[in-house]
Structure formats: structure tokens, C-alpha cells
Protein chains: 2
Amino acid sequence: MTTLDSTGGAEGAAVPAAAAVRRRGGPGARERLLDALRASGPVSRVELAAITGLTEASVSTTVRRLLQDGVVVEVGRTPTAGKPRTLLQLDPGGRTAVGIDLGPVTTTCVLTSQTGGVLARLTSSAPPRESAAQLVDRLARDVETLIEGSGERRERCLGIGLVYGGPRRGSAAAPGGPPGTPGGLEPELLRAALQEVTGWPVLAENDATAAAVGEYWVARVDAARSFAALYMGTGLGAGIVLAGSAHRGARGQAGEFGHVVVDVDGPPCWCGGQGCLEAVAGPAAVVARALADPVARAEAHLEAGGPRSTVGDFSAVARAARAGGGACRALVEASARYVAAAAESLVNLFDLDLLVLTGPGFAASSSLYGPAITRRTGAAASRAWGRAVTVTVSSAAATAPAVGAAALLLQDRLAR
Amino acid sequence: MTTLDSTGGAEGAAVPAAAAVRRRGGPGARERLLDALRASGPVSRVELAAITGLTEASVSTTVRRLLQDGVVVEVGRTPTAGKPRTLLQLDPGGRTAVGIDLGPVTTTCVLTSQTGGVLARLTSSAPPRESAAQLVDRLARDVETLIEGSGERRERCLGIGLVYGGPRRGSAAAPGGPPGTPGGLEPELLRAALQEVTGWPVLAENDATAAAVGEYWVARVDAARSFAALYMGTGLGAGIVLAGSAHRGARGQAGEFGHVVVDVDGPPCWCGGQGCLEAVAGPAAVVARALADPVARAEAHLEAGGPRSTVGDFSAVARAARAGGGACRALVEASARYVAAAAESLVNLFDLDLLVLTGPGFAASSSLYGPAITRRTGAAASRAWGRAVTVTVSSAAATAPAVGAAALLLQDRLAR
DNA sequence: GAGGGAAACTTAACGAGCTTGAGTAAGGGG
DNA sequence: CCCCTTACTCAAGCTCGTTAAGTTTCCCTC
């Protein structure tokens, strides 16, 4: 029998994967190879076999198919003691996809390469009182214009990813309620309609999840990391990617970060809850407080009577806070404390090690929120859980959802 | 001290089967069939094909193997217009497994049938200053006694599930810190040692996750539901089961329900955080408040100087609250408000529709916590998200972890 | 109490996808 | 030039699940 010593060392004894280990039935060879190619720079077949756990023979045949499909290219060789390795990578000139971000005010369309590079961009805005049918028509025309103007071949485009705010299955808009799609159209109906009209496969996804997948794909996040994209737009959401695949929940409503309860006695929220993060410290709440305070209002140059846009107004407050406006700074810092607390709950419940701040809200304010979140999550994570939580800011927070939508479609389509 | 009593296996009532749509590449036929058989009462092969999405041919061959393995039995037939259907179910006299709950004070061992019925039970307690090697020996002897005493054939037993408190990778015990295993042994080392000594496969799992899997298996939770088991022992944890498989997180630290932040300005927590649920409203916090208040202390008959056990003291406070002790009731209700708020965060982040209260803490207090949680999660869920959150209490909260550990091992072993 | 019909299984052939094991290609060093 | 090393490929075969064509077992009718 073995001798045991009772000092519970915290060093990396491998956690038993227990029942989580599946002998088979994981993602197929093609999917695994694509994920490895996405995350690494140029890699050889031997390395791919090591990374994915597939046999070299299997890698060889699957890679041949990827080469034939024009998804992958050979880009060089590394000398070895024997035959040199052939390096492979995703072909930047391979397939493309369109991403559409259906914002509350403007619609952003991008055409991206399969490596996440933006090839063309187009912005339009909804005319007043646009009907659902008109919306679909406008989007179809935008996509047409985008591809025409880019000079890219249309056969290369695999489809369209479509981003909308709010949860998947919208409820009847409660007052001050969830963002939803313009025209109040069900995301699924809009998706089907656009697919019908354009003839391209269309995938619909909520903003936070799309941003997370985009980050995963474009910023080459390691598949081993479990991470969340905190998304601030009109509200607050979290897109969660675990072991390389998006976690949406049974009804596609997982990651409702804005409805983490941060104050048991807090104000009522439109969702029916009380003390939700969004109601206490979301962008709309910050703007409301700024509007109520003459000093803050002046600092942020908020017109009392002008047309309101939560994202725009919040950005103005954040800018004022950064520029030294004391009243605005106090408002944003108060908000950041709550957001940081909710982020800690998120990290502890999902066992995350990476948070990415993204979306238009954080684009303007990440320098204020980032440190607060880092401070809060760092303290407990390292001390009690032996994990390091990295907090980063998306490199292009404003276009993240559109690029993410395109990435989502690519990930879905390339795998087959 | 060792007590042994044998009970007959208690098999539950039939539950109507619900069709589950799965895409390809999921778990294999055998696993899917076992899950369907677990969740339903007697089912025919045709129904199994409909439930699992497998073809009838595939069901036929896989079922034959399960029959040969002695896992499944034919139990009757239903008349049809043609050949009657042969009904199948898991054989209650088929395989068995041992579950060990390594509590802070007492160790509970159970022998269960593969349908979750408890065939025999044994309780022992650690002698003072027990070394790690002695612990392993004691557990091995307990298992031996349990199986001997039960009269069950040892070849039927597939292995041992082992439950410990706290996260998978224990940190050096902080003051008032995480529970961890007795003797401070790393769960993985303990698992390996017990496996070595007994010769049976051993699976180690944290208490909340084990309780969740046990609930899933024994209470026949529908695989389509996403649910969490809220576990109250010395601390608070959540075991999360999504689409039929436990969600553990990258480091096995997911579901740290006790470290959801419920008060940004709250007291410091041993984890390094601030305002964590456990620090604000966990059982230890409730007990500490009761001890500090002479009235509550009298109501709960807490000895000022006696040996302290968080679970025992908390149960006493909960009993006093139920019996009408006003001071204790106020303490527990204050705690329940926070737990309910954290539960709402959990539900919103994971998109859950079922919460099960379990563990020794809730065994004594579910009648006080249950309604508070139901009230809070019900309001927002139905109004904004179009989902109904069911809150139930485990039928045998005190033995849930041990039974869950056995279920976990069964689920893992039967699938191969 | 045969013969048909209906529905529940069963069997056989096949195919996708991956593995094993034995090649073949491509470079370097003596 | 030969030989060694290492990268990659080919061929056979295995596992699992599918499709399609039986086979069994009941009830019902004549």
C-alpha cells in the first residue's frame, strides 16, 4: 500500500476528468483541426495531431480535404532532422462571411475573411417607422452593396451572421424593457426572412454571445480557456464560451449578466426582479442619474430635451469622467463597483479565467471599468481558487458584434 | 462507532417520457439509452427510438447488449394493433455502487442499486487525530462491512463514489476557510489511494455536484431540464447539470454559489472577496449571529461553550425558527432573502428552470428557504423570460451526497 | 381455426470516420 | 553515394450507426 502524506499541496495535480471524459463523440476531426488552426499561427500536420489528439493519418486526410476546399493553405516548411514539416494555416483569402449588427440606431454590416479581418464595412440607419418587411429589404440591399463594393467574389461568402440585442426569445416589450430587434420582430422570424430573401444561410445570435465568439475567433483565444465577454450596449450581457463552444442555455437566455442581483433591497427592474445590476448600475441607470444632476449633466454636455440614446449618452458621461469631470466620475465609479461585484459572481459560478470587455458601452469606458473588475476578481481568485483571472479590453469593441456574428457563421459553416 | 441497517430498495413511480431532440455527434447510443431508461418508467424499444432519436435497429442491438450485461430487464408488454411492445427498464437487481460522504464529522456510506434505491447504509466517525493513511483504511473497511452486511454479491458492485466538501483543488485552509477533506488530503490523492487499496474504481466529486447528479438520477429529472442543486452544508454550493451532464468548469470550481456577491459593501469573506453570500448569509454566519444574540441562543438551545458544529448549530437555529422562535426566525429569514437573491442570479446566468434544495443545511430549513426562493425567482422568470422556475426539496436531503456519489459512478461506469 | 393485417422488432449490407501498421517522400550527415 | 531521421500517406480493418428488407407475434375476420 502507498504511503500518504497529509499536506494538501496546491500544486497542479491533474484534476480527474471523471465522467466528463468521453471516449468518442467529441467534435469531429474537421472541427477540431479548424479550431487548432484558428488558435495557432502556422502549424504542421504533426503538431496538429499532437494538439488535437487525432492520429497523423487522420490529420493527413482531413487536411487534404481542407486544402481542396480552399479553407487552408500551405505556407512554408520548417527544417527538422528528417523531412521538413509543411506549415499550414487558414487561408486569409479563403472563405468570407457577412456580419450584421442590428443596433438600436445604426446598422453595421461587415464583410470579413475567415481569419477575422474586416474586408469591407457599411453603415446604414433605419428610416422612421420602418416595417419588418422594409427592414429585411434594407438588410438584403446592404449586404448586396457591401459585397459588390468589396470586390470579393460572392461564391466565397458562406453566409450572414445577424446580431440583435437582448435575449433570444423577446417578450412583449416591457416599459424600459429589453432592447429586442427594431420593429419588434422575433429574431427567428427575421433570420428566416433574411435567409429567404438573400438565399444565403443566416444565423441569428444575441449581441453578447456574438461578441464572445468573435473575440474567440479573431483574438485567437486559447480553446482551453473558459471566458466570458462582458457586453455593454443599451444593457449589460455576458457571452460565455466554455471549452471552445458558446454556452447559450436551454432557451438561449444564459448569460443575463444585467440581471445578476447586486442589491437585495435595490430598485425594481423591468424584468420583474429587484436590485438587478442593470437597474442599479447599467448604462441607462448611470445616464438617468447624470441627467438628474445638473453638475454631471453639464460635464457631459447632455442636452436636457434632445433625442435620447442610451449608448450615446452613456459614452458622453464616460468621456466626461475620463476628462476629469468629478460628478460624472463618481457616477461611473459607483457603477463600476457593482459591475465588478457581478463579474466576480460570474467568474465564481462559471470558473472563468478570462473576461473581455466589449460592446459600445465599454468602448468608451473600459479604462474606468477594467481596473475595478481586475481588482475585485483578482483578489479572491488568486488567494482562494488558485486561478488567475485576466481582464482585457476588446481591440475593436464597437465593431465586435458584427465581426462576431460573421465569425459565428464561419465557425458553423466551415465545420461541415 | 458503527451502525448498520439494511433497507429495501425504494423504486420510484413511472414518469412520462418526453422526446428529446439531439443532433449527431452527441453521446453514443448506449449512453443515450441509459439516460432515457433512467428518466422513464418501463419503455418499449420503439419508444426508446423516438425518445433518443436513434433508429429502431440501433436501439435493438444496443438493448440486446444491455440485456446481456444484466443492466436492463424486460418487464412486460403492452398490447398494440400488432405485435405487443416489450417493456424495458433498468434492472433494480442489476448493478450496485457504493457512495461515501466524507462529512466534517461523520462519514456516511451507502450501497445503492442502479435505480438509486439504498440497499444498505453505514455511518462511522473519525477518531481524533486520524492520519490520511488511517482514513483510507477506515473507508476501505467500511466499504467491506457495508457490502458484507448487505448480502449483495460483490461482483455486482461497479465501484465507489466519494464526496468531499469544497472545491476540487483545496487551498491551504484559510481561517474559517473552505471545508476540504478531513486530514486536509487532496481529493485526488485520496481517490487514488482508496482505489489502490480497494481495487474498485473510485470517482471523487464535490458535494454539491454529487448531490445534483444524484437528484438527476434518483429523482428521474428530465434530461431536457437545466437544473442546479443548491447545497447547504458547512457552506453553500451549487451543483449544475445542463442537458444531462454535470457542469464542473475548467478547474472543477464552477458553481461556487457561496461566493456570489450579494452585498458590494459586505463583510470580507475567507476567499478574499467581500460580501459573498456565504459570509453574509451562509450557515456559519447565521450561527454566529444566533450565538451573539442571547434570545436567539436560548431559543435554539445553543450551548455557549460546547463543541461547535456549523451544520448541527444551524439545524438547531432552523428548528427553533420553525417552532416559532421569533429571534431565530428573523435570522433565518434575513439569510433566506440573500440566498434567494443569489439563486436568482444563478438562474439568470445559467438559464435554469429547476432548483433543488439539498444537503444537511436545507434538510432542516427548506420550509423557510424554499418559499423565499420560489417567490424571488418566480416573479422575474415568468414575466420577462417566459420560463417557469420550479423549486423543490430533495426527498432525502441528508443522504443526497452519498447517494449522488454512487449515482455518479454508476452513470460513468454503465455507459461503457 | 386458417389467413390476413399491423406493428414491433431483427437481420444483413453498407458506409462514414477513425485507427493501425506498413509503406513512401524528403532532407541531412558521413 | 548510402543511410539515417522524420514527415507524411496508403491500405486494410474496426466500430458504430444507418437503410432496407425480412421475421415474429399479436388481433381480427371469415
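Just so it is clear, the structure is predicted and the values come from calculations on it, not from any experiment. Side chains are part of it too, since the values below use all heavy atoms of this structure and drop only hydrogens, waters and symmetry mates. Labels below follow one simple rule: chain letters A, B, ... track the order of the sequence lines, proteins then strands, and each chain is numbered from 1.
Counting only distance, with no hydrogens or angles, the side chain of B:Arg32 and the backbone of B:Thr52 share a donor-acceptor pair below 3.5 Å. With hydrogens and angles disregarded, a donor-acceptor distance shorter than 3.5 Å links the side chain of A:Gln114 to the backbone of A:Val71.
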**Prompt:** For every nucleotide of nucleotides 25-30 of chain D, 5' to 3': is a protein heavy atom under 4.0 Å from its base (B), only from its sugar-phosphate (S), or from neither (-)?
**Reply:** BB----

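Taking atom CD of residue A:Glu74 and atom C1' of nucleotide D:dA7, one finds them 12 Å apart after rounding to whole Å.
For B:Thr86 and C:dC9, the shortest distance from a side-chain N or O to OP1 or OP2 is below 4.0 Å.
One side chain, A:Arg191 or A:Gln195, offers a donor N or O that lies under 3.5 Å from an acceptor on the other. Judged by distance alone, the side chains of B:Thr390 and B:Arg225 do bring a donor and an acceptor atom under 3.5 Å apart.
When all heavy atoms are compared, the tightest approach of A:Thr209 to A:Ala246 is CG2-CB, 3.9 Å. Taking both residues in full, the closest heavy atoms of A:Arg77 and A:Pro84 are given as NH1-CG, 4.0 Å, listed atom of the first, atom of the second, then distance.
Note: B:Phe350 and A:Phe350 have parallel aromatic rings, judged against thresholds of 30 and 60 degrees for the angle between ring planes.
Tested against A:Asp69, the residues A:Arg95, A:Arg30, A:Arg64 include a single side chain to side chain donor-acceptor pair (under 3.5 Å) partner, A:Arg30.
Contact check of residues 39-66 of chain A against DNA chain C (heavy atom, cut-off under 4.0 Å) returns A:Thr55, A:Ala57, A:Ser58.
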